[in-house]
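Positions are given from 1 along the sequence.
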Amino acid sequence: MPPLEILLGATELWRPTARGGGWATAAALLLLLVSHLSVLLVRRYRRGRLIQPESAAATPAPSTAAAPSSGSSTGIEGLVTEDDLRQLVSSLGVGDREPELEGWESVIAMGNDTVSYKAWCEKTKEGPPKYLSVTTYEGCSTELLRDFYMDNEYRMEWDNTVTKHEQLQYDENSGIEIGRTIKKFPILTPREYILAWRVWESNDNSFYCLVKECEHSLAPIQRKFVRVRLLRSGWCITKVPGRDACQITVLHHEDNGMNIEMAKLAFSKGIWKYICKMNNALRRYPQQHGPSVSILTMQRLIKKFPQALQTTVDESRRSPVNTAATVVPSTNSPGTSPCKKLVKKPTRETIASGLLLIGSIVCLSKGRSNLGAQLAMAFFLKKTFKKDKESGSPRGKN
């Protein structure tokens, strides 16, 4: 599945501090977070009480997943359609141009010898932003990267945010599969994802996947999880012309109930570490064991890319060269960090964010705070800074 856990960048962000150095930081952090968390807990409790009678009345789920069905009798063939694929292809086309010129805000651009990563975000009228990313892997085929992304069993080995995944149903006629995934993040209630997805293969060994949230009778709502109600994600894996490399362009939009500002800050500070971890897991793949259940199912269900849409894609690729996936030349010397950031002009927003983060590190440095505490402090400083700016400006919003 596409990596939605990157919003918190894995649990390395919240590693325990050195012995004897974190009590003051912990106390300050708890005081800052208590009001926000208490509101969330009250809301979840009330919501849980409202849905409890409905969940209790639900029919108990069988212990085994539904057997594969065919035809319209499965009732899932309309969850992911070719119209959805057509819209995905059009949206992913932004990655082949210059997203900044089309209203996308650059978030990060980093790389090393084996992997490079760029990401942009686009604000929405309501809710969290959309994210667009282009990751280029050197020395990797499109088939290998496809299997790596779709191997849910292997993901549970290297991604410690994914605690459980199970297949619920699939339909061989439409190629749609439904699964349930549980992800656990520090401090937060575990998130539950009920997702439907479908994979297509084009004539040039490129692959497309579209993922959408859904509901399923084998996955009744449980109070111990927060059900993610909005997730629209899709990716395209293509070969990089002229060299042994491939790239994956991902468009992702998710509302998992996290505070929007905190999620954006955690993403920008934790995503590169997560990409490096993912790249290391990719280099260890495939496993020496046989193909997993996820891969065997995907290989059975994968569909051919529609020919009419293939013609449209081929024509668009004859336009200007992709600038979003430029490989970062390595200038590392022995003993230096393997991750080098691309040079770009700082904006007022990035300068302000940087100053806020530096301020949080200075405030917490005496307590030897970990990065998780620094992120939390930077978030609250940012909120305070924003309020002060609005109150001191004659044009501040009411």
Quick check for you: to the nearest 0.5 Å, what is the distance between [X] atom [atom1] and [Y] atom [atom2]?
X      : Y      : atom1 : atom2 : result
Asp151 : Ile295 : CG    : CD1   : 4.5 Å
Arg198 : Ser174 : CZ    : OG    : 6.0 Å
Tyr117 : Tyr137 : OH    : OH    : 9.0 Å
Met278 : Asp159 : CE    : CG    : 7.5 Å
Cys236 : Leu210 : SG    : CG    : 12.5 Å
Glu122 : Trp104 : CD    : CH2   : 4.5 Å

Between Ile302 and Arg146, does a side chain to side chain contact (heavy atoms under 4.5 Å, CB included) hold up when you go through it step by step?
CA-CA 11 Å; Ile302 193 168; Arg146 175 205 64 189; 4.0 Å; yes
Whether [X] side chain and [Y] backbone form a donor-acceptor pair below 3.5 Å:
X      : Y      : value
Thr163 : Ile182 : yes
Tyr154 : Ala281 : yes
Lys164 : Met156 : no

Under the side chain to side chain contact (heavy atoms under 4.5 Å, CB included) criterion, do Ile178 and Leu79 qualify, and how do the steps go?
CA-CA 10 Å; Ile178 299 178; Leu79 291 177; 3.7 Å; yes
Can you list the steps and then say if Asn160 with Lys277 is a side chain to side chain contact (heavy atoms under 4.5 Å, CB included)?
CA-CA 11 Å; Asn160 50 15; Lys277 182 176 182 179; 3.7 Å; yes
Can you find a heavy atom in the side chain of [X] that is under 4.5 Å from one in the side chain of [Y]?
X      : Y      : answer
Thr249 : Leu251 : no
Gln169 : His216 : yes
Met298 : Asp147 : yes
Tyr131 : Pro129 : yes
Phe185 : Thr161 : yes

For the residue pair [X] and [Y], what are the closest heavy atoms and their distance?
X      : Y      : answer
Asp171 : Leu301 : O-CD2, 3.7 Å
Ser268 : Ile108 : O-CD1, 4.2 Å
Val199 : Cys209 : CG2-SG, 4.0 Å
Pro99  : Trp120 : CG-CE2, 3.6 Å
Ala196 : Val80  : O-CG2, 3.9 Å
Cys246 : Ser141 : SG-O, 3.6 Å

[Y] reachable from [X] in the ILVMFWY side-chain graph, under 4.5 Å edges:
X      : Y      : answer
Met258 : Phe225 : no
Leu296 : Leu168 : no
Leu282 : Met110 : yes
Tyr193 : Leu230 : no
Val107 : Ile260 : no

Does a salt bridge link Glu215 with Arg229, judged by any charged N lying under 4.0 Å from a carboxylate O?
yes
Any ion pair linking Arg243 and Glu138 (charged N to carboxylate O, less than 4.0 Å)?
yes
Any chance [atom1] of [X] has more than 12 other-residue heavy atoms, nucleotides or ligands included, within less than 6.0 Å?
X      : atom1 : answer
Lys304 : NZ    : yes
Lys130 : NZ    : no
Gln299 : CD    : yes

Decide if the gap between the ring center of Phe207 and the ring center of Tyr149 is smaller than 6.0 angstrom.
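Aromatic pair excluded; centres sit 6.0 Å or further apart.
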Stepwise, does the side chain to side chain contact (heavy atoms under 4.5 Å, CB included) test hold for Glu153 with Val293?
CA-CA 8 Å; Glu153 286 79 11; Val293 173; 3.8 Å; yes
Matching residue for Glu213 among Arg227, Arg180, Arg232 - test: salt bridge (Lys or Arg N to Asp or Glu O under 4.0 Å)
Arg232
In terms of the angle between their ring planes, are Trp158 and Phe148 parallel, tilted or perpendicular, with boundaries placed at 30° and 60°?
parallel
Would you please say whether a donor-acceptor pair under 3.5 Å links the side chains of Asn279 and Arg283?
yes
Do we see a donor-acceptor contact under 3.5 Å between the side chains of Thr81 and Asp83?
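Result is no, nothing qualifies.
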